[in-house]
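Read through the structure below, which is laid out as structure tokens, and then see the notes.
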Amino acid sequence: MPELPEVETVRRGLEPAMEGARFVKVEARRPDLRWPLPKDFAARIEGSTVIGLGRRGKYLLADLSSGDVLMMHLGMSGSFRVARNAKAKTPGTFHHERSVAPGHDHVVFHMSSGASVTFNDPRRFGFMKLVPRSDLDRDPLMRALGPEPLGNAFDAALLAKACAGKKTSLKAALSDQKVVAGLGNIYVCEALHRARLSPRRRASTIANKSGRANERAERVVEAIKAVLNDAIKQGGSSLRDHRQTTGELGYFQHHFRVYDREGGRCPTPGCGGAIKRIVQSGRSTFFCPVCQK
DNA sequence: CCGCGGGCCTGAGAGC
DNA sequence: TGCTCTCAGGCCCGCG
């Protein structure tokens, strides 16, 4: 599910409940997530305070006063909800709200702020992990991440360098977290449409022979930043599982130009092509074969 | 080293 | 209604 905009939406929702607050009690109800939670998971967190809540790619990183960093990943179906107190039922204040899958609340944080933070993940592809802060840069999961797409350092030159010499498709390259951290199936499709580039194009064609950026690389970078910023403003995309920490859905799915719109009309002004669905590396790709070259 | 396909899990929706 | 099949926002791993 969650790509960078959804994770960032979750981060912003968790921040007021968690930052500066202490873990009063941690419930590890179901430890067999993608990777099992350590036996001492709860004990290692309880009593510590959240110094800051950050994000790197699709990872949430809670910096704890204990010296650990709590890494959290939402996998495909993970979500967090914040309740002001543990007994209160889900506030049904949003008419677009849907209920989360029952019986999949795997981890619950009871914070000194009075809020409880519940991690729900039906498919259990998500996980949590504790890493000493001093080891974070050496952590294999962190080392496998390329640049932050919304960071100043991410530009055409950097992207072109990462794609130079790649025989794989542009779609697969942009989905690779080592090339750029945080994109997934939706936002790669959407960014390539905005950049008017075919997902089937070889990744290396956004660089020249010496690995320098060409005009296509500029377009891709601009499109990535634009689509991610737009999606964050809308609270991310809710196809099935994603919701904001209040339970409210994201709204960016109403702004998709190609994703999940097979057969629909291409929104590029003057194009009018029919959106096509193909399969690349086992995943659906949506694009307009008329204006995406 | 690189790229691809399988597998991990559960639930929703389509088709019969 | 109920069964079976396909597909889903991610990512690790083994194979060629």
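For clarity, every value in this text was computed on a predicted model and none was experimentally measured. Residue numbering restarts at 1 for every chain, and letters A, B, ... go by the order of the sequence lines.
- Proximity of residues 167-180 of chain A to DNA chain B (heavy atom under 4.0 angstrom from any strand atom) is restricted to A/K167, A/T168.
- In this structure, A/D135 pairs ionically with A/R138, as a charged nitrogen and a carboxylate oxygen lie closer than 4.0 Å.
- Applying the ring pair (Phe, Tyr, Trp, His ring centres under 6.0 Å) test to every pair with at least one member in residues 264-292 of chain A, sequence neighbours left out, gives these pairs: A/Y259-A/F286.
- Under a 4.0 Å N-O distance rule, the pair A/E148/A/R56 qualifies as a salt bridge.
- A salt bridge links A/K129 with A/D139: the closest approach of a Lys/Arg side-chain nitrogen to an acidic carboxylate oxygen falls below 4.0 angstrom.
- Between A/H73 and C/dG10 there is no side-chain polar atom (N or O) within less than 4.0 angstrom of OP1 or OP2.
- Between A/Y59 and A/G282, the residue anchored nearer the 5' end of DNA chain C, judged by the nucleotide with its closest heavy atom, is A/G282.
- Ring geometry for A/H73 versus A/F127: interplanar angle under 30°, hence parallel rather than tilted (30 to 60°).
- Helical stems in DNA chain B, defined as runs of 3 or more consecutive Watson-Crick or G-U wobble pairs with donor-acceptor distances under 3.5 Å: B:2-8 with C:10-16, B:10-16 with C:2-8.
- If you measure from atom CZ of A/R277 to atom P of C/dT6, you get 13 Å, rounded to the nearest angstrom.
- Proximity of residues 117-128 of chain A to DNA chain C (heavy atom under 4.0 angstrom from any strand atom) is restricted to A/R123, A/F125.
- Heavy atoms of A/L141 sit under 4.0 angstrom from primed sugar atoms or phosphate atoms, though from no base atom.
- Counting any heavy atom pair closer than 4.0 Å across all strands shown, A/Y187 reaches no nucleic acid atom.
- A 4.0 Å heavy-atom criterion places the boundary nucleotides of DNA chain B facing chain A at B/dG3 to B/dG11, written 5' to 3'.
- Position along DNA chain B of the nearest nucleotide to A/R30 versus A/G165 favours A/G165 as the more 5'-ward residue.
- A salt bridge is defined here as a Lys NZ or Arg NE, NH1 or NH2 lying under 4.0 Å from an Asp or Glu carboxylate O, and A/R11 with A/E15 meets this definition.
- The pair A/D68-A/R133 does not count as a salt bridge, with every side-chain nitrogen at least 4.0 angstrom from each carboxylate oxygen.
- A donor and an acceptor atom, one from each side chain of A/T9 and A/Q244, are nowhere located under 3.5 Å apart.
- By the 4.5 Å heavy-atom criterion applied to side chains, A/L130 and A/M71 are not counted as neighbours.
- Remark: A/D260 pairs with no residue by the side-chain hydrogen bond (donor to acceptor under 3.5 Å, both in side chains) rule, at least two apart or across chains.
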